[in-house]
There are 2 protein chains.
Amino acid sequence: MTNALNVDRTADVPVPPGPAKADRVSRRQVDKFAQRRDQLAAAALQTLAELGYARTSLREIAQNTDFSHGVLHYYFADKVDLIIHCVKHYKAICVQRYDEILAASDTADALAEGFAAGLARTAGEDATLHRLWYDMRSQSMFEPAFRADVLEIDDSLQRMIWRVVTGYAELSGRALTVAPATAYAMFDGLFQHALLRHLSGAPDALDTLRAESLTLLPRLTRD
Amino acid sequence: MTNALNVDRTADVPVPPGPAKADRVSRRQVDKFAQRRDQLAAAALQTLAELGYARTSLREIAQNTDFSHGVLHYYFADKVDLIIHCVKHYKAICVQRYDEILAASDTADALAEGFAAGLARTAGEDATLHRLWYDMRSQSMFEPAFRADVLEIDDSLQRMIWRVVTGYAELSGRALTVAPATAYAMFDGLFQHALLRHLSGAPDALDTLRAESLTLLPRLTRD
DNA sequence: AAAGAATCTGGACAGGTGTCAAGAATTCCT
DNA sequence: AGGAATTCTTGACACCTGTCCAGATTCTTT
């Protein structure tokens with residue numbers, strides 16, 4: 001574990017063991033390899049969401065799987081490699097769900113209501129996944145190995161928020177008064193606050209999040 | 001570690017080994033005991049701020065100390081007990097520094113400028129301490145043992161923000177349009193966003209935080 | 001100065017960690 | 001069907017973890 005962090009992580013896949021033959025064959029093997037990688041990453045994501053980064057071990061991950069713990073080192077170079085793959089997997093899930101939230105609305109009010117409700121819904125339904133995201137983002141403040149991927153996900157979330165905010169501004173005919181990073185930080189603050197309360201058992205946390213988000217959108221614009 | 005989390009943690013001090021004699025003597029010994037506890041907690045805080053929760057061990061903490069690792073179990077029941085004491089120690093530091101920020105300003109603009117500058121300053125000077133706070137807050141989403149103390153600190157930060165916001169509203173003669181929790185969540189989002197960027201090497205992160213905070217205050221009020 | 005209490009040390013313990021490699025089991029291709 | 005490439009299992013390794021404790025050390029009190 002000590003020098004594992006110094007491993008060269010430029011290559012995404014740690015060499016699919018031995019194809020290099022006919023094109024079709026190679027391609028199929030690589031696909032299969034990547035497929036199992038994703039499958040294992042999904043199991044790891046579930047374990048991480050349940051236990052958090054500090055308490056998750058490779059053996060624990062393998063137990064949420066039909067395989068034994070050794071197989072993880074067949075598909076991933078080391079623990080950091082696995083977790084990074086995991087977090088990218090999270091991004092795919094997350095952006096997808098947020099894009100569902102972005103279902104076309106034709107009025108500013110409808111967009112605002114839909115977006116606020118969507119935030120509250122995902123905060124409730126995917127609470128464990130989101131707390132993992134905040135855990136990983138905190139880890140990245142200590143562990144440079146996670147930083148690049150965390151910042152990339154953060155950017156994609158920021159762009160998602162920005163699409164909503166600009167959409168709202170256009171539909172309402174108002175002008176934007178904040179930068180994309182600022183808008184994202186504010187919504188993220190509300191979301192994180194609500195998530196902690198929700199996980200702590202506060203029954204009104206999600207409703208409050210919806211109401212707060214609703215009032216934030218107009219605050220970012222002016223006539 | 002498995003059942004350490006089930007330990008009864010209602011009593012703050014795990015029995016100062018053996019006073020129970022004359023009042024003055026007992027009092028002095030208890031003070032000494034508490035004093036060393038704080039001293040060890042301070043060393044632990046430094047270690048945690050440097051390494052993060054997941055990577056901090058009791059032996060590592062003891063190495064930032066003149067004592068051996070065994071002494072930690074003389075002053076603290078277990079690791080969770082030590083860390084909770086640590087985080088409370090952080091609260092004391094944090095609120096104190098924030099109260100310095102609250103130095104009296106006689107105009108709304110001066111208050112806003114001073115507060116925004118103070119946020120940016122503490123984000124830079126106490127960056128490692130603040131990242132520990134976000135780490136612990138994330139941990140509390142997984143580990144119920146931390147939750148009560150984290151929520152208490154969160155509340156005290158929220159009250160601090162609310163004092164600033166209400167002060168700004170009064171000085172500017174404007175009316176508040178948000179709840180205390182909402183105002184705190186927004187500033188916290190900006191702060192956390194800036195802290196991550198700052199620790200990632202973004203040179204403008206702190207300036208951006210100052211500017212963002214400056215624009216947020218008026219947004220929370222109306223004429 | 002002697003006795004007793006408080007404090008501290010250093011090692012041992014049981015268990016968990018990431019990593020690796022030898023070999024069994026399976027799959028794939030000809 | 002047989003041989004080769006793959007996927008997977010199992011057990012081992014070196015190390016680290018929190019916890020505990022017997023005994024050395026220091027301080028306090030009488």
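These numbers were taken from a predicted model, which means no experiment stands behind them. Within every chain, numbering begins at 1; the chains are lettered A, B, ... in the order of the sequence lines, protein sequences first and strands thereafter.
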Polar pair under 3.5 Å, donor/acceptor by atom type, side chain A:R59, base C:dG18: yes

Output the rounded distance in Å from CD (A:Q35) to C1' (D:dT7). 14 Å

d(CG, A:L82; P, C:dG18) in whole Å: 10 Å

Nearest-angstrom distance from the residue atom CD of A:Q63 to P of D:dT9: 13 Å

Can you give me every donor-acceptor pair (side chain of residues 189-207 of chain B, partner residue at least two apart or in another chain, under 3.5 Å) with its distance?
unit_1 : atom_1 : unit_2 : atom_2 : d
B:H193 : ND1    : B:R197 : NH1    : 3.4
B:R197 : NH1    : A:D154 : OD2    : 2.8
B:R197 : NH2    : A:D154 : OD2    : 3.1
B:S200 : OG     : B:L196 : O      : 2.8
B:D207 : OD1    : B:R210 : NH1    : 3.3

Closest to the B:D78 side chain: D:dT19, C:dT19, C:dT27? D:dT19

When the distance from CG of B:L51 to P of D:dC16 is rounded to whole Å, what number comes out? 14 Å

Residue A:K79, side-chain heavy atoms: nucleotide from C:dT7, D:dT10, C:dG18 that is nearest: C:dG18

For a quick test of reading the model: is some side-chain N or O of A:K32 closer than 4.0 Å to OP1 or OP2 of D:dT7? no

Once you round to the nearest 0.5 Å, how far does CZ of A:F115 lie from CD1 of A:I161? 3.5 Å

Has A:H73 got a side-chain N or O lying under 4.0 Å from the OP1 or OP2 atom of C:dC20? no

In whole Å, I'd like the distance from the CD atom of A:E60 to the P atom of C:dT17. 7 Å

Of B:H69 and A:D66, the one whose closest DNA chain D nucleotide lies more 5': A:D66

Non-neighbouring partners of B:F146 that pass ring-ring contact (aromatic ring centres under 6.0 Å, His included), sequence neighbours left out: B:Y53

Rounded distance in Å - CG (A:L40) to C1' (D:dT7): 11 Å

When you check the phosphate oxygens OP1 and OP2 of D:dC16, does a side-chain N or O of B:S57 lie under 4.0 Å from one of them? no

For A:V178 and A:W162, the nearest pair of non-hydrogen atoms, with its separation, is O-CH2, 3.4 Å

Given atom CG of A:L58 and atom C1' of C:dG16, what is their separation to the nearest angstrom? 12 Å

